[in-house]
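Per chain, numbering begins at 1; letters A, B, ... match sequence-line order.
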Amino acid sequence: SQKIEQNSEALNIQEGKTATLTCNYTNYSPAYLQWYRQDPGRGPVFLLLIRENEKEKRKERLKVTFDTTLKQSLFHITASQPADSATYLCALHTGNQFYFGTGTSLTVIP
Amino acid sequence: NAGVTQTPKFQVLKTGQSMTLQCAQDMNHNSMYWYRQDPGMGLRLIYYSASEGTTDKGEVPNGYNVSRLNKREFSLRLESAAPSQTSVYFCASSELYGGLGNQPQHFGDGTRLSIL
């Protein structure tokens with residue numbers, strides 16, 4: 001079955017630095033990969049999606065890369081702020097199923 | 001703009017009881033989804049409705065039933081609740097059913113369900 005792995009350990013970074021989160025997947029080659037943000041007690045909120053033939057996608061301070069050879073997506077937040085503290089989830093669709101990673105908890109320290 | 005609304009927000013049940021979780025979206029989306037989220041497991045798809053009038057099983061459908069009441073509403077029913085169904089349940093919708101994964105999903109804020 002499809003498996004998605006994200007950094008299981010929480011990530012703590014200093015304000016202003018770049019946060020890099022990793023999403024690895026196995027057993028399939030998805031056409032798209034999505035990233036979501038989830039705050040405590042809330043539902044996930046869509047951030048970005050990237051196609052398999054796009055190497056990189058940007059939205060304001062967010063950047064996503066998609067390496068289909070490595071079966072990996074990287075999610076970057078530049079000039080990080082305490083308000084960026086949340087759990088970030090990656091997701092993909094294959095075989096009529098949507099799969100989400102377990103998420104990486106990010107804390108930006110002022 | 002309400003988006004996706006789930007009711008109730010919290011519920012405690014006893015083993016064997018039944019209940020229905022309600023979900024409604026006001027974005028005129030065609031597709032709707034039910035997920036459960038458990039610690040260390042991530043979000044797992046229970047059922048989805050690609051369009052009004054259709055429903056399909058997701059990754060973990062056992063113990064659940066769904067009804068796509070109309071375009072706006074998609075309910076999830078637990079016929080005989082079990083402690084293993086203690087979880088946070090999320091409903092989501094998307095404009096279309098993204099067969100390639102190219103449709104962003106919009107989530108409600110969840111129902112926290114405990115089964116004793």
Side-chain angles (χ1 to χ4, degrees), chain A residues 1-10 21 23-54 57 59 62 64 66 68 73 86-105, chain B residues 1-7 9-10 21 23-25 27 29 31-51 54-61 87-112:
Chain A
S1 62
Q2 184 61 239
K3 187 173 180 180
I4 304 177
E5 291 184 350
Q6 296 186 250
N7 315 56
S8 58
E9 294 183 10
L21 285 64
C23 176
N24 295 297
Y25 58 92
T26 59
N27 298 339
Y28 195 69
S29 298
Y32 291 82
L33 196 139
Q34 302 183 8
W35 283 89
Y36 290 79
R37 168 185 173 139
Q38 187 173 23
D39 292 289
R42 305 298 300 274
V45 174
F46 172 76
L47 296 174
L48 282 169
L49 69 82
I50 185 166
R51 286 197 312 265
E52 61 178 339
N53 60 355
E54 290 181 312
K57 191 87 168 275
K59 179 183 176 182
L62 308 180
V64 173
F66 195 5
T68 54
S73 176
T87 296
Y88 292 86
L89 312 173
C90 64
L92 57 83
H93 180 274
T94 174
N96 277 343
Q97 300 290 330
F98 283 97
Y99 295 98
F100 280 79
T102 54
T104 298
S105 175
Chain B
N1 219 3
V4 177
T5 303
Q6 293 185 236
T7 55
K9 295 190 184 306
F10 302 93
L21 280 61
C23 174
Q25 52 91 9
M27 296 171 283
H29 284 174
S31 304
M32 299 184 74
Y33 314 83
W34 275 106
Y35 292 89
R36 61 178 289 175
Q37 188 173 40
D38 303 291
M41 299 293 292
L43 282 157
R44 291 182 291 169
L45 183 64
I46 304 171
Y47 271 93
Y48 66 95
S49 172
S51 61
T54 69
T55 61
D56 285 286
K57 295 178 180 180
E59 185 183 3
V60 290
S87 187
V88 182
Y89 291 85
F90 288 100
C91 177
S93 69
S94 62
E95 185 173 356
L96 298 171
Y97 179 67
L100 297 175
N102 60 343
Q103 292 289 317
Q105 295 186 37
H106 301 259
F107 284 81
D109 282 335
T111 293
R112 283 142 188 85

Interface moiety of A/L48 toward chain B, non-hydrogen atoms closer than 4.5 Å: neither

Engaged part of B/R112 at the chain A interface, taking heavy atoms whose separation is under 4.5 Å: side chain

At a heavy-atom separation under 4.5 Å, does B/Q37 approach chain A through its side chain, its backbone, both, or neither? side chain

Quick check on A/Q6 against chain B: is it the side chain, the backbone, both or neither that has a heavy atom closer than 4.5 Å? neither

If you round to the nearest 0.5 Å, how far is CG of B/N102 from OH of A/Y32? 4.5 Å

Counting only heavy atoms closer than 4.5 Å, note whether B/K57 contacts chain A via side chain, backbone, both or neither. backbone

Give me the atom names and distance for the closest heavy-atom approach of B/D109 to A/G43. OD1-N, 3.0 Å

Which distance, rounded to the nearest 0.5 Å, do you find between the CD of B/E59 and the OH of A/Y99? 5.0 Å

Looking just at side-chain N and O atoms, do B/Q105 and A/Q34 make a donor-acceptor pair shorter than 3.5 Å? no

A/F100 ring center near B/Y35 ring center (under 6.0 Å): yes

Just do the side chain to side chain contact (heavy atoms under 4.5 Å, CB included) check on B/Y97 and A/H93 with the steps written out, would you? CA-CA 11 Å; B/Y97 179 67; A/H93 180 274; 3.0 Å; yes

Taking atom CD of A/E54 as the centre, report whether more than 12 heavy atoms of other residues, nucleotides or ligands fall under 6.0 Å from it. yes

Closest non-hydrogen atom pair between A/T102 and B/G42, with its separation: CG2-N, 3.7 Å

Atom OG of B/S94 and atom CZ of A/F46: how far apart are they, to the nearest 0.5 Å? 11.0 Å

